[in-house]
Amino acid sequence: MSAKRYLELFFEEKELEPRIFTVEHNETVHMIESALLQDLIINHTSASEQGQIRAILVKIDFYNGDVNHFLEHLAQGYVMSHF
């Protein structure tokens, strides 16, 4: 199964509650919705990046961790690299 398909299924099956992640960068507050992050992960990352994200999500899921902590980390990285 491709990493992209795995990510699609992962987010479908987890049915995560919608969240808004707040990231402050360059004296500006950015609000990033979890649905946007999921779309960016599935549709706007390279196959290599998807593979790396998949590996991390597998570990988080195995240890019954909170996926939203990782999504918050990705939101911070997104804001810092795009704004």
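For His25, the NE2 atom sits in a packed shell: over 12 heavy atoms of surrounding residues, nucleotides or ligands are nearer than 6.0 Å. For Glu12, the CD atom sits in a packed shell: over 12 heavy atoms of surrounding residues, nucleotides or ligands are nearer than 6.0 Å. Within a 6.0 Å sphere centred on NE2 of His69, other residues, nucleotides and ligands contribute 12 heavy atoms or fewer. Around atom CD of Glu49, more than 12 heavy atoms belonging to other residues, nucleotides or ligands sit under 6.0 Å away.
From Glu24, atom CD reaches atom CE of Met80 across 10.0 Å, with rounding to the nearest 0.5 Å. With values rounded to the nearest 0.5 angstrom, Glu33 atom CD is found 11.0 Å from Gln38 atom CD. Note: His73 NE2 to Leu37 CG = 11.5 Å, rounded to the nearest 0.5 Å. Distance CD1/Ile20 to CE/Met31: 7.0 Å, rounded to 0.5 Å. With rounding to the nearest 0.5 Å, the separation of OH in Tyr78 from CG in Leu71 is 14.5 Å. In this structure, CD1 on Ile32 lies 11.5 Å from CG on Leu74, to the nearest 0.5 angstrom.
Taking both residues in full, the closest heavy atoms of Phe21 and Asn68 are given as CE2-O, 3.6 Å, listed atom of the first, atom of the second, then distance. Arg54 approaches Met1 most closely through the heavy-atom pair NH1-O, 3.1 Å. Residue Pro18 comes nearest to Ser34 through the heavy atom pair CA-OG, 3.6 Å, listed as atom of the first residue, atom of the second, then distance.
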**Prompt:** When you look at Thr28 and Phe83, which way does the side-chain contact (heavy atoms from CB on, under 4.5 Å) test go after all the steps?
**Reply:** CA-CA 9 Å; Thr28 302; Phe83 298 98; over 6 Å; no

**Request:** Could you walk me through whether Val67 and Leu57 pass side-chain contact (heavy atoms from CB on, under 4.5 Å), step by step?
**Result:** CA-CA 7 Å; Val67 173; Leu57 290 175; 3.9 Å; yes

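Here Tyr63 is tied into one hydrophobic group with Phe62, each link being a pair of ILVMFWY side chains closer than 4.5 Å.
In terms of modelled atom types and a separation under 3.5 Å, the side chain of Glu13 and the main chain of Phe10 share no donor-acceptor contact.
Under the side chain to side chain contact (heavy atoms under 4.5 Å, CB included) test applied with Thr45, the options Lys4, Gln52, Gln50 reduce to a single match, Gln50.
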